[in-house]
Amino acid sequence: MDDMIGERKADHIEVCLKEDVQSKKATTGFEDVHLLHRAIPEIEREKVDLSTTVFGYKFSAPLFVGAMTGGTAKATKINAAIAEAVEELSLGMGVGSQRIAIDNPKVEHSFSVVREKAPTAFILANIGGPQLVGKYGVKEAKKAVEMVKANALAVHLNALQEAVQPEGDTNYSGLLRKIGEVAQALDVPVIVKETGAGICAEDATMLAAEGVAAIDVAGVGGTSWAAVEYYRAKARQDGFSKRLGETFWDWGIPTAASLVEAVQSVDVPVIASGGIRTGIDVTKALALGASLASATYPFLEPATKGSEDVKKALQLMVGEVRNAMFLVGADSIQKLQKAPVVLTGKTAEWLEARGFKPEVYARRKA
Ligand SMILES: Cc1cc2nc3c(=O)[nH]c(=O)nc-3n(C[C@H](O)[C@H](O)[C@H](O)COP(=O)(O)O)c2cc1C
């Protein structure tokens with residue numbers, strides 16, 4: 001079983017590195033989100049303060065590297081490279097699903113290496129929703145946190161991925177109550193994250209009522225797990241799963257729409273992810289009310305090369321955030337979260353169809 005999970009995890013990394021696993025027709029919707037350019041910003045670019053404190057941790061910029069991997073030798077290298085970079089930059093990172101190490105302590109080091117390399121950075125532990133429906137509970141959640149001395153725990157939701165793979169865990173019944181139990185029992189914040197299909201207002205509201213500390217929407221428009229499973233199915237000549245992967249390739253709620261749905265529905269911090277590719281995306285997400293943004297795929301290839309490459313990729317994105325904040329005249333994250341936003345196109349239509357009124361964005365919770 002452990003070998004099977006290890007193999008699957010290694011497959012995911014290889015497929016993401018070699019194939020085009022990004023959404024095709026679906027986009028994040030950030031192209032419909034317009035920040036108001038200020039010809040007279042009246043601030044100094046180098047004095048823009050990008051720091052923000054969330055979950056008691058002071059991030060040097062509102063960005064972290066999303067959950068990716070663990071469990072194999074290659075994963076150890078990837079996790080170590082990301083950890084070194086985020087430590088140096090005072091940012092954060094998520095580890096991949098820790099199921100493999102909870103079931104087999106021999107591979108724990110592929111996860112715990114992040115705390116060795118990043119003694120002070122923000123570290124997010126990770127377990128899967130489907131495992132909580134199954135045999136996992138508070139004990140395993142605590143073990144995941146302890147393994148990486150995490151600042152918070154992420155519970156991931158991946159119904160789409162499970163639904164397009166033959167070995168998928170497609171029982172999600174009773175998950176909400178289990179998430180609530182874990183959120184109540186842990187002494188670190190519990191964040192619920194999607195993995196590329198988004199979270200709607202209804203689900204965000206139910207999760208907040210269960211006491212989760214934050215919601216990471218991870219909408220469609222970036223890495224597609226249906227695409228990853230398409231390539232895995234193709235390699236083993238499984239025609240049915242290949243067809244499922246292809247049909248559901250672009251399934252989900254676009255990130256920008258999902259973000260507004262969540263921000264407008266709950267009082268807990270909302271994290272924007274899914275297709276965040278530039279500092280402009282990060283800046284738009286914060287202007288829409290996100291507390292932090294996160295990206296995963298952009299850091300995979302750099303992480304296979306080493307921490308310097310991850311650091312460069314992060315610094316580029318942070319530099320772009322600084323530029324964008326300067327151009328909208330926001331010299332702090334608080335001001336950015338109140339900056340005017342114009343929504344057009346399919347994102348505006350989506351939100352209107354779902355009953356969200358444009359004038360509400362002006363009153364968004366910052
Ligand atoms: C190679 C790879 C492995 C991933 N593994 C996990 C995982 O174990 N747990 C998890 O919560 N998310 C996992 N994700 C999902 C990401 O955290 C993120 O939600 C998703 O990729 C969308 O963000 P992106 O478009 O910036 O890649 C993984 C993503 C990639 C690219």
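As the structure lists them, so they are numbered: ligands from 1, and atoms in each ligand from 1. All values reported here derive from a predicted model rather than from experimental measurement. If you read the sequence from its start, that first residue is 1, and numbering goes on from there.
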- Task: Report the residue from Trp249, Trp225, Phe240 that forms a ring pair (Phe, Tyr, Trp, His ring centres under 6.0 Å) with Tyr230.
- Result: Trp249

- Query: When you look for protein heavy atoms under 4.0 Å from ligand 1, which residues do they belong to?
  - Reply: Lys9, Ile13, Cys16, Ala67, Met68, Gly96, Ser97, Asn126, His156, Lys193, Glu194, Thr195, Ala218, Gly222, Thr223, Trp225, Gly274, Gly275, Arg277, Ala295, Thr296, Tyr297

- Message: Looking only at side-chain N and O atoms, does Asp20 offer a donor or acceptor that is under 3.5 Å from a partner on Tyr231?
- Response: no

- Query: Counting heavy atoms not belonging to Glu202, are there more than 12 under 6.0 Å from its CD?
  - Reply: yes

- Message: Hydrogens and angles aside, do Thr27 and Lys346 bring a side-chain donor and acceptor to less than 3.5 Å of each other?
- Response: yes

- Task: Would you check if there is a donor-acceptor pair between the side chains of His156 and Ser97 at a distance under 3.5 Å?
- Result: no

- Take Lys234 and Glu19 through the test salt bridge (Lys or Arg N to Asp or Glu O under 4.0 Å) and record every step on the way to the result. CA-CA 12 Å; Lys234 194 174 162 195; Glu19 309 285 356; over 6 Å; no

